[in-house]
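Heads up: numbering here begins at 1 and tracks the sequence. When a ligand or atom number is given, it counts from 1 through the structure's own listing order.
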Amino acid sequence: MSSTDKKTPPRLERVGKAWQLIVDGKPMLLRAGEVHNSSGSSRAWMEPIWPKLKRSNLNTVLVPVSWESFEPEEGEFDDSVVDWMIEDAHANGLKLIVLWFATWKNAESHYAPLWVKQDRERFPYGVARTGTVEVISALSEEARDADARAFARLCQRIAQIDKHGTVIAIQVENEVGFQGDSRDRSDIAEAAFAGQVPQQLMDHLANNADTLRPEMRERLKANGNRKSGTWTEVFGTDDGADEIFMAWNNARYLETVAGAGYQHLDVVMFTNAAVPEVLDRRPGRYRSGGGPLAHLHDVWRAAGNELKMYAADLYMADFVSFFHPYNYAGNAAFMPEMKAELEGAANAVYAIGRGGLGGSPFGIESRTADFDNGPLAKAYGLIEEIEPLIIAHQSAGTITSAMVKPGHLTDEVVLGGYRFIVHLLQDRRTEVYRSDRGYALIMQEAPDTFLVAGFGVQIRVTTAEPSGDMVAFGGIREGRYVDGEWVPGRWLNGDELRLYRTTEGPAVSGEMRHGLRLLGGTSDIRDGAPPRPVNTDIQRVNLFRFKR
Ligand code: DGJ
């Protein structure tokens, strides 16, 4: 390991009930954003972007470095492609996650240098049923070693010059996969597929039988829980077995590349999956072995442990359902790519409230209309304001989150014996929804005390289970954290707690017309007044129960 003046290298640690990303010796949440694919290839292009991202309260930027620009001729490296990036990110007070676009970028090999692309003997392409595809075969050892050499050299350079620990993580490749067919059918791939499933994979599956992802457990069972055999014997004869074969070969390749880099640079190495909205396994319809998709995690894990996290690119409208398979004790949840603006902001806050590391809208520099007061700036500002509290509550398991939007107007979450019924905030008089999305973080501080933060929501509270007890507000104080200190504002009560009278949800009693309202000073918004600029609220809430 090369030395830098960093005291402790960045790492992922399971602390209590959550994963923590430890950077410079302290846990941090990722208030991140990823720039467009070509932005990182020009210092001048990026120059005006860094300060805008800083103003949007980001702490981390994801920027690609391509193999073609780093090693344009074999063995000749251009360090400048990464040097300026580290310097400029640091000068703007930002951390960097480098994206290594090399053998794979979206299941294609467009970012390999020309000397690689043109040498089909040394670096064979994969073969689909329909013919050769423009993606280097995952079974090519020569390609793997060339990629690993370049990556090792890149990491060596970063270790040499990154004196402030600006690079905290590296995404190894981008959305790996095989496209056009369920598996590579080149000669080397056919030979491997005809052989036995490697012992390393079989051992991992056997040794972790109790914690396998459900899809893997079912597949093994359906094929007789064999202890050895060929790929079709162990995993079946369908495209799903082909996909496991590809996942194994992709994962082995990436583990080798990541390991070569890790020899020089101790940062968090991870890779990302292109998560499809519908897994259409018909050959050619999907990227086989497409990165570490949740149902393939066991295969990836069996291949090694240089990759510390399986990240998920989640663009779908139903963010919540797709997020959870990536968020479990075995994997730190991070989305390097997601929607921007209010949708992205709400998704990031939701993820953090469920123990995730953070979020990262893609194409952030062009998809943000207002870097200063836009929804992401506000959400990230809120997270920054209470970051140490969030982190502590994540580990203690005393935090939850809710997200609401048209089509999903109400979300119910249970914490500390109470049920929080979160609804998209309506104007009391006009019934108009005040925004397209609402999000809330709820943290339990004491048995009946909660810190609630968010935007665009109204929240009613009942007992967690129907008990006949009524829940009422014992006192609500709005406030802010300034330099980590709570600065209380108004006591909120009376009209500031009144909700629209036909608000959805169980109509328990008149008291249910009272609740929290969060829209950035929303508690004093006069009904019918024009919406204010996007903002967020923090309220400390005491509750009490009484018998009906
Ligand atoms: C997913 C890829 O990972 C990104 O690099 C980018 O190509 C987006 N899709 C689409 O813009």
### Query
Could you give all pairs that pass the salt bridge (charged side-chain N to carboxylate O under 4.0 Å, His left out) test and reach residues 39-67, with sequence neighbours left out?
Arg43-Glu87, Arg43-Asp88, Arg55-Asp372
### For Asp436, side-chain hydrogen bond (donor to acceptor under 3.5 Å, both in side chains) partners two or more places apart
none
### Task
Determine the sole option in Val23, Val98, Ile22 for which the side chain to side chain contact (heavy atoms under 4.5 Å, CB included) test with Ile168 is passed.
Val23
Which pairs of N or O atoms, one from ligand 1 and one from the protein, are separated by less than 3.5 Å, and what is the distance for each pair?
residue, atom, partner, partner atom, Å
ligand 1, 3 (O), Asn106, OD1, 3.3
ligand 1, 3 (O), Asn174, ND2, 2.8
ligand 1, 3 (O), Glu175, OE2, 3.2
ligand 1, 3 (O), Glu337, OE1, 3.2
ligand 1, 3 (O), Glu337, OE2, 2.5
ligand 1, 5 (O), Asn37, ND2, 2.8
ligand 1, 5 (O), Lys105, NZ, 3.0
ligand 1, 7 (O), Asn37, OD1, 3.4
ligand 1, 7 (O), Lys105, NZ, 3.1
ligand 1, 7 (O), Asn106, ND2, 3.3

### Query
Charged N to carboxylate O under 4.0 angstrom, Asp79 versus Arg153?
yes
### Task
Could you name each residue pair satisfying side-chain hydrogen bond (donor to acceptor under 3.5 Å, both in side chains) that touches residues 315-332, not counting sequence neighbours?
His297-Tyr328, Arg301-Tyr328, Tyr315-Glu337, Asp318-Ser321, His324-Tyr350
### Query
Would you say the side-chain atoms of Lys105 and Asn37 include a donor-acceptor pair closer than 3.5 Å?
yes
